[in-house]
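Some notes on the structure that comes next.
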Amino acid sequence: MNINDIKTVAMIGAGDMGHGIAEVALLAGYKVNLYDIKDEFVDKGKKRIFESLDLLAGKGKIPPELNTAIREQLLTTTTDLAKAVGNADLVIEAIPEIMDLKKKVFAEIDQLAPAHTLLASNTSTMSISEIATATNRPDKVFGLHYFNPAVLMRLVEVIRADKTSDETMQIGMDFAAREKKVGVLVKKDRPGFIANRVNQAPAVLVSEILERGEVEPEALDAFVRMMGSAMGPCELTDYVGIDVAVNVSRYFEQTLGPDYGPPPHLLKMMEDGNLGKKTGKGYFEWPNGERPKIDFSKATRKFNFLWTIFVQINEATKLIEEGVVDTLDEVDLAMVNSSGMPFGPIYFGRQISKLDLIDNLEMLAERYDKPMFKPTKRVLGGGHKF
Ligand SMILES: NC(=O)c1ccc[n+]([C@@H]2O[C@H](COP(=O)([O-])OP(=O)(O)OC[C@H]3O[C@@H](n4cnc5c(N)ncnc54)[C@H](O)[C@@H]3O)[C@@H](O)[C@H]2O)c1
């Protein structure tokens, strides 16, 4: 089997990610069966796809014929799982991040889909190897990890689980390319794969700095916004949800160690029911869901932005040591295409003195009592390069 055998995609889950991933496949000319558990959910997903298509068509970014073809021929919606996967060559799952639910749905799909059909999960954190155990075709199960919003973000991590075949991985990479995405091969389904794992290191550092009151949330966000970022880290956490941030930290804590766990101030916010935008209060107030107004005159001078890059570089080198990627250039490819940054942390790291990097990492590990920031063997060894 090869990429030319993929003609119909079944999208399982029509939520935030599912509708976007479906749209990306439609834009690449694939037939898509969009499935969810209730009519109202598939209808909402379809509506969101159509709204996005209109926006793209209005800007002249897609030909009118494609817009019509998607609406009239390429997209079908259903709440019948057998119908959704019965003629699918590739199934992509984007349902809630609950392992038992994912395994149950994969077991059902395994029974209903043709024998040749590949099964992909868009999970951000769950073990794809474990999901694959629910099926009788673990060689055909892999990860296709898109980033939000899927239509705009270029990165797709193509993740190999314990038993995924080379053929499945090749089709996964080719599928990403057909969608005009940047596919990055993830050789092992380690926690957070590439981009989320590397980004967790600065998230831990920033949480620790806030926890100690070294900078205030508004001062930090003002500083980061003045560097050109659309949103500061505290506003982003509020926007995503304090509960989501806590769950992500808990997951990394359980899988990678205690250093990655949530800081007390985040747990307290969760306990108090201040979950960010959705409850009207988190780090900031969100009156009627409106973005907080940041006073740029409060921008801190105490925060060293380079530290966040140093800890990203260190975390990236762990991915080599753990066999997730072959080269650090692949990490940069993932980082650039999952962010608005013009270059990745590795590119930056190669421009600076390695001794500076080592000294700063050692200082951060001690100052914040986080062994995870200690320079890895890869950072320490190999002369002036890493
Ligand atoms: N939101 C993000 O930024 C993001 C980014 C990358 C990956 N992910 C991953 O994508 C997956 C989905 O996340 P989301 O943000 O789209 O969630 P969401 O809550 O917006 O959507 C989930 C959808 O799945 C549906 N669903 C629930 N049970 C189902 C079932 N048994 N069968 C079919 N559909 C079912 C829900 O009705 C809902 O429409 C998760 O695994 C998440 O980790 C999310």
Side-chain angles (χ1 to χ4, degrees), residues 9-24 32-49 52 77-85 88 91-113 119-128 130-131 134 141-159 176 181 184 186 189 191-197 199-200 203 231 236-241 243-252 255 276-278 334 337-339:
V9 175
M11 186 66 233
I12 309 302
D16 287 341
M17 291 308 292
H19 90 276
I21 297 169
E23 185 182 345
V24 172
V32 174
N33 304 332
L34 182 64
Y35 166 86
D36 209 304
I37 44 178
K38 285 191 186 165
D39 283 329
E40 61 191 273
F41 300 146
V42 276
D43 290 348
K44 189 173 171 205
K46 184 171 161 179
K47 188 164 166 262
R48 292 173 84 181
I49 293 174
S52 170
T77 58
T78 180
T79 51
D80 178 342
L81 190 60
K83 260 198 197 152
V85 303
V91 176
I92 308 175
E93 165 274 313
I95 67 172
E97 195 75 333
I98 302 164
M99 180 53 91
D100 288 345
L101 181 66
K102 291 203 192 267
K103 280 167 95 170
K104 180 177 154 277
V105 171
F106 267 74
E108 281 167 22
I109 295 170
D110 187 39
Q111 296 300 314
L112 297 168
L119 313 183
S121 174
N122 180 54
T123 177
S124 302
T125 55
M126 305 261 139
S127 157
I128 293 157
E130 186 174 345
I131 295 172
V141 179
F142 68 115
L144 271 179
H145 185 218
Y146 293 77
F147 289 74
N148 197 7
V151 175
L152 297 181
M153 304 302 282
R154 286 169 54 81
L155 178 65
V156 178
E157 292 176 335
V158 183
I159 304 140
K181 295 287 183 193
V184 175
V186 181
D189 63 340
F193 312 126
I194 302 174
N196 288 347
R197 167 77 179 272
N199 280 329
Q200 197 57 23
M231 230 185 228
L236 183 64
T237 311
D238 273 0
Y239 181 80
V240 174
D243 50 337
V244 175
V246 166
N247 288 339
V248 168
S249 304
R250 284 260 185 259
Y251 166 74
F252 281 111
T255 50
K277 184 182 177 194
K278 60 188 154 197
N337 288 290
S338 59
S339 71

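For ligands, and for the atoms within them, numbers begin at 1 and follow the listed sequence. This structure is a prediction, so every number in the text was calculated from the model and none was measured. We're numbering straight along the sequence, starting at 1.
Using a 4.5 Å heavy-atom cutoff, the side chains of I128 and F193 are in contact.
The backbone N or O of I194 sits less than 3.5 Å from a side-chain atom of E157, completing a donor-acceptor pair. At distances below 3.5 Å, not a single donor-acceptor pair connects side-chain atoms of K102 with backbone N or O atoms of E130.
Note: no N/O pair closer than 3.5 Å links E93 and ligand 1 by distance alone. For ligand 1, one of its N or O atoms has an N or O atom of M17 under 3.5 Å away. Any N or O atom pair closer than 3.5 Å counts here, and I95 shares at least one such pair with ligand 1. Residue contacts with ligand 1: D36 is placed with a nitrogen or oxygen under 3.5 Å of a nitrogen or oxygen of the ligand (distance criterion only). Residue-to-ligand polar distances keep T123 apart from ligand 1: every N/O pair is separated by 3.5 Å or more. When only interatomic distances are considered, the shortest N/O to N/O separation between Y146 and ligand 1 does not fall below 3.5 Å.
Within the listing of ligand 1, atoms 15 (O), 16 (O), 20 (O) sit less than 4.0 angstrom from a heavy atom of D16. Proximity to H145 (heavy-atom distance under 4.0 Å) selects the following atoms of ligand 1: 6 (C), 7 (C). Heavy-atom contacts of F41 reach the following atoms of ligand 1: 37 (O) (cutoff under 4.0 Å). Each of the following atoms of ligand 1 lies closer than 4.0 Å to a heavy atom of Y35: 32 (N), 33 (C).
When only non-hydrogen protein atoms are considered, atom 22 (C) of ligand 1 lies nearest to A94 O, 3.7 Å. Of the protein's non-hydrogen atoms, N122 ND2, 3.0 Å is the one closest to atom 10 (O) of ligand 1. Residue, atom and distance of the protein heavy atom nearest to atom 30 (C) of ligand 1 are I37 CG2, 3.6 Å. The nearest heavy-atom contact from the protein to atom 7 (C) of ligand 1 is S124 OG, 2.9 Å. Protein heavy atom in closest approach to atom 21 (O) of ligand 1: G15 CA, 3.4 Å. At the shortest separation from atom 19 (O) of ligand 1 among protein heavy atoms lies P96 CG, 4.9 Å. Among protein heavy atoms, atom 31 (N) of ligand 1 sits closest to V105 CG2, 3.6 Å.
Residue contacts with ligand 1, taken as heavy atom pairs separated by less than 4.0 Å, do not involve L81 at all. Contact annotation: for K104 versus ligand 1, there are no heavy atoms closer than 4.0 Å. Counting heavy atoms under 4.0 Å from ligand 1, residue M126 does not touch it at all.
Closest non-hydrogen pair, R154 versus N337, comes out as NE-OD1, 3.3 Å. The minimum heavy-atom distance linking A120 with F106 is given by the pair O-CZ, 3.8 Å. Residues T78 and V42 share a closest heavy-atom pair of O-CG1, 3.6 Å.
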- Query: Could you go step by step and tell me if R48 and D16 meet the side chain to side chain contact (heavy atoms under 4.5 Å, CB included) rule?
  - Reply: CA-CA 9 Å; R48 292 173 84 181; D16 287 341; 3.0 Å; yes
- Task: Apply side chain to side chain contact (heavy atoms under 4.5 Å, CB included) to the pair D36 and T79, showing each step before the final yes or no.
- Result: CA-CA 5 Å; D36 209 304; T79 51; 5.7 Å; no
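Residue contact annotation: K102 has a non-hydrogen atom under 4.0 Å from ligand 1. The closest approach between F147 and ligand 1 stays at or above 4.0 Å for every heavy atom of the residue.
Once rounded to the nearest 0.5 Å, the distance linking CG of N196 with OH of Y251 reads 10.0 Å. Taken from CD1 in I12 to CG in L34, the straight-line distance is 8.5 Å, to the nearest 0.5 Å. Separation of atoms CG (N122) and CD1 (I21) is listed at 3.5 Å; rounding is to 0.5 Å. One distance of note links CD1 of I109 with CG of L119; it measures 6.5 Å at 0.5 Å rounding.
A salt bridge links D243 with K278: at least one charged nitrogen is closer than 4.0 Å to a carboxylate oxygen. Contact check on E108 versus K104 returns a salt bridge, with a Lys/Arg side-chain nitrogen under 4.0 Å from an Asp/Glu carboxylate oxygen.
Of the protein's heavy atoms, at least one falls inside 4.0 Å of atom 16 (O) of ligand 1. Distance check for atom 34 (N) of ligand 1: a protein heavy atom is found below 4.0 Å.
Nearest-residue assignment for atom 1 (N) of ligand 1 (options N148, N247, T79, V248; heavy-atom criterion): N148. Of the listed options M11, E157, E97, E97 places a heavy atom closest to atom 43 (O) of ligand 1.
For the pairing with F41, the side-chain contact (heavy atoms from CB on, under 4.5 Å) check across I37, D43, D39 returns one residue only, I37.
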